[in-house]
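Worksheet: the structure to be examined is printed underneath.
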Amino acid sequence: MTFWKLFARNRGAVIGLLILFLMTFLAITAGLFFPADPFSLAGVPMSPPGENGFLLGSDSLGRDVAAGIAHGAKTSLLIGLLATLVAVFVGIVMGALAGYYGGIIDNLLMRFTEMFQTIPSFIFAILLVAIMKPSIESIVIAIAVVSWPAVARLVRGEFLSLRNREFVQACHTLGMSDIRIMLGEILPNCLSPVIVIGSLMVATAILIESGLAFLGLGDPNIMSWGFQIGAGRTLLRSAWWVCTFPGIAILVTVLAINLVGEGINDALNPRLRERT
Amino acid sequence: MRYVVKRLLQAIPIVLAIIILNFLLLQLAEGDAVDVLAGEAGSATPEYMAELRAKFGLDQPLPVQLAVYLKNVVFLDLGYSFRHEMPVSELIFDRLLATVLLMVATITLAVGFGVFLGLVAAMGLNTWRDTAISIFALITYATPLFWVGLMLIVVFSLNLGWFPTSGMENFAMFYEGWDRVKDIAHHLVLPTITLALFYLALYTRLMRASMLEQAGQDYVTTARAKGVTENRIMFVHVLRNALLPVVTMAGVQVGALIGGSVIVESVFAWPGLGMLAFEALFSRDLNLLLGIFFLSALLVVAVNLVVDIVYSSLDPRIEVD
């Protein structure tokens with residue numbers, strides 16, 4: 001069966017993909033539907049949803065909650081994707097070197113990875129952003145730094161089990177360079193679990209980003225869901241909508257990505273699903 | 001016993017690496033303690049700042065500074081918080097108890113309830129109960145902690161008035177003895193539920209998978225052939241073995257739990273380490289932040305050590321691996 005047929009067998013994954021498409025559409029068209037700066041004062045402060053022309057209400061400064069959510073979608077998806085790409089790249093490099101060469105290189109790299117796995121990751125991310133000053137770059141780096149170990153361990157395991165296979169030995173006999181064997185021959189054979197773990201990692205990255213922004217460690221020039229909730233928490237008593245809607249946006253997006261990740265898993269490892 | 005010693009020795013390089021990482025992060029930050037002091041004082045001449053640097057040893061080459069730092073950390077001297085005008089270690093120990101209380105309550109709730117839900121799901125495989133529990137786990141796994149906390153406050157504190165919105169106890173009432181315990185427990189409910197929800201999903205899934213895996217093992221067939229009742233097989237034979245991976249997971253998750261407590265404590269103003277970290281962030285108190293980071297990393301190493309040792313006594317096969 002093709003990838004899509006296998007993917008579509010999982011109904012949750014299809015729903016997740018639809019939601020994700022909608023969120024991406026919202027992020028891309030944010031500037032079209034809400035051309036004004038989401039930080040700008042758009043009208044009467046503390047308007048409940050549906051009043052004074054605010055679909056989802058406004059906050060204490062008269063900022064449009066809906067506009068914030070649309071622009072925040074861009075931030076969350078972008079940071080989630082970028083951080084995951086960096087983490088997957090670093091993880092592949094570390095894992096491939098450790099698994100392919102084994103011995104002392106493996107030992108050293110794995111001790112290093114273990115140390116990063118021991119450190120409480122969210123506090124580490126907070127520290128990194130605080131030291132580098134909050135900006136998109138520092139947030140992406142911080143999330144990537146705390147996320148790569150899982151990829152490294154996975155890739156190492158795959159490389160370890162593949163490096164002595166016959167096709168790899170054949171490559172050695174042909175006189176291929178190590179780099180070519182690693183990138184051209186072994187890596188393509190272990191991409192499917194990496195894609196699965198990467199897709200789930202986007203969800204975690206979005207959760208970390210929103211947590212950082214909630215604590216006031218977001219990029220001060222960019223609207224994000226976590227920032228909206230952080231700014232609205234003092235208004236819980238008088239304006240529940242300021243916190244509620246951005247939170248639903250995070251929940252729905254993260255849920256959708258997790259569902260898609262499970263669908264990809266089912267499609268790439270069909271035997272696994274039939275067993276359980 | 002040999003295993004315990006071996007695990008203890010393995011922990012030393014990790015702790016050392018964490019200390020060095022801490023030192024490097026301190027170097028990475030813009031400005032040093034003297035800049036902070038000078039900033040506090042308003043104005044300082046370059047001569048005076050150089051004198052201060054010499055006094056703190058900040059003019060020494062990096063390896064010397066690292067050696068001094070290592071020595072200080074070993075004696076639990078984590079530096080000085082200029083904001084609180086107190087040694088960092090003292091500040092941290094003041095707040096440690098509140099965080100430990102929150103974490104113990106959270107782990108108990110998350111593991112206990114997670115094991116129960118996983119058990120129910122595994123025993124009713126592919127029934128509506130299984131589906132409902134899976135959906136519940138999926139949703140809680142995707143919800144940001146701080147948002148759950150705020151929503152619980154809106155519903156249970158502001159609208160229903162069942163629980164207090166923040167803090168750990170009501171100082172104005174001067175409770176003593178059991179009344180004080182009850183008051184703290186009352187304040188503990190919402191933060192614990194918030195922090196536990198995320199981990200609940202994890203333990204539920206793990207317990208379900210673990211139960212299903214164990215149910216297919218040979219010893220289950222043997223027990224069935226002997227005529228042991230299904231209930232006894234499930235609750236005595238399978239359950240015991242299925243619990244093992246949950247115990248390990250509880251240890252692994254302690255690091256994540258500390259991260260989660262920063263968020264939950266700052267939502268509920270729970271006066272623990274997480275709240276202290278949040279305050280340190282706001283006042284740009286890097287020394288304090290690094291101290292909290294170091295101590296929580298140490299806590300994770302210690303908990304993992306204890307879990308490994310407990311695990312090896314529960315399951316002697318581990319030592320062989």
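Please read these numbers as outputs of a predicted model, since none were measured by experiment. Naming convention: chains lettered A, B, ... in sequence-line order (proteins, then strands); numbering from 1 in each chain.
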Largest heavy-atom contact set with chain B, pairs under 4.5 Å, which of [options]:
options	value
A/Val252, A/Leu217, A/Thr253, A/Thr118	A/Thr118
A/Phe112, A/Phe214, A/Phe124	A/Phe214
A/Thr244, A/Asn258, A/Val254	A/Thr244

What part of [X] is in contact with chain A, defined as an atom under 4.5 angstrom from a non-hydrogen atom: side chain, backbone, both or neither?
X	answer
B/Ala17	both
B/Val148	neither
B/Leu25	both
B/Leu158	side chain
B/Leu150	both

For A/Ile104, does the CD1 atom have more than 12 heavy-atom neighbours from other residues, nucleotides or ligands under 6.0 Å away?
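It does not: A/Ile104 CD1 has 12 such atoms or fewer within range.
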Quick one, A/Ile250 with B/Thr143, criterion side chain to side chain contact (heavy atoms under 4.5 Å, CB included). Give me CA distance, side-chain angles, the key distance, then yes/no.
CA-CA 7 Å; A/Ile250 302 175; B/Thr143 323; over 6 Å; no
Restricting to non-hydrogen atoms, name the atom on [X] and the atom on [Y] that form the minimum distance, rounded to 0.1 Å.
X	Y	value
B/Ile263	A/Gly211	CD1-CA, 3.9 Å
A/Leu259	B/Leu138	CD2-CD1, 3.7 Å
A/Ile119	B/Leu21	CD1-CD2, 3.3 Å

Relative to chain A, which of B/Ser266, B/Ala142, B/Pro13, B/Gly259 shows the most heavy atom pairs under 4.5 Å?
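When all of B/Ser266, B/Ala142, B/Pro13, B/Gly259 are compared, B/Ala142 has the most.
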Counting heavy-atom pairs closer than 4.5 Å to chain A, which one of B/Phe146, B/Tyr141, B/Phe278, B/Phe293 comes out on top?
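Heavy-atom pairs under 4.5 Å are most numerous for B/Phe146.
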Let me check something: any side-chain donor-acceptor pairs from residues 199-206 of chain A under 3.5 Å, sequence neighbours excluded? List them with distances.
from	atom 1	to	atom 2	distance (Å)
A/Ser199	OG	A/Ile195	O	3.3
A/Ser199	OG	A/Val196	O	2.7
A/Thr204	OG1	A/Leu200	O	3.3

Applying side chain to side chain contact (heavy atoms under 4.5 Å, CB included) between B/Leu281 and each of A/Leu127, A/Val129, A/Ile126, report the one that passes.
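The single option meeting the side chain to side chain contact (heavy atoms under 4.5 Å, CB included) with B/Leu281 is A/Ile126.
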Given a strict heavy-atom distance threshold of 4.5 Å, which part of A/Leu128 is in contact with chain B: side chain, backbone, both, or neither?
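Side chain only.
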A/Gln117 versus chain B, heavy atoms under 4.5 Å apart: side chain, backbone, both or neither?
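Interface part for A/Gln117: neither.
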Intermediate values then yes/no, side chain to side chain contact (heavy atoms under 4.5 Å, CB included), A/Leu215 and B/Val262
CA-CA 9 Å; A/Leu215 291 178; B/Val262 177; 4.0 Å; yes
So, taking the atom named [atom1] in [X] and the one named [atom2] in [Y], what distance separates them when rounded to the nearest 0.5 Å?
X	Y	atom1	atom2	value
A/Ile248	B/Met151	CD1	CE	7.5 Å
B/Leu289	A/Ile123	CG	CD1	8.0 Å
A/Phe122	B/Ser296	CZ	OG	12.5 Å

Report yes or no: does B/Trp147 contribute a side-chain atom to a donor-acceptor pair with the main-chain N or O of A/Cys243 at less than 3.5 Å?
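Looks like yes, one N/O pair under 3.5 Å.
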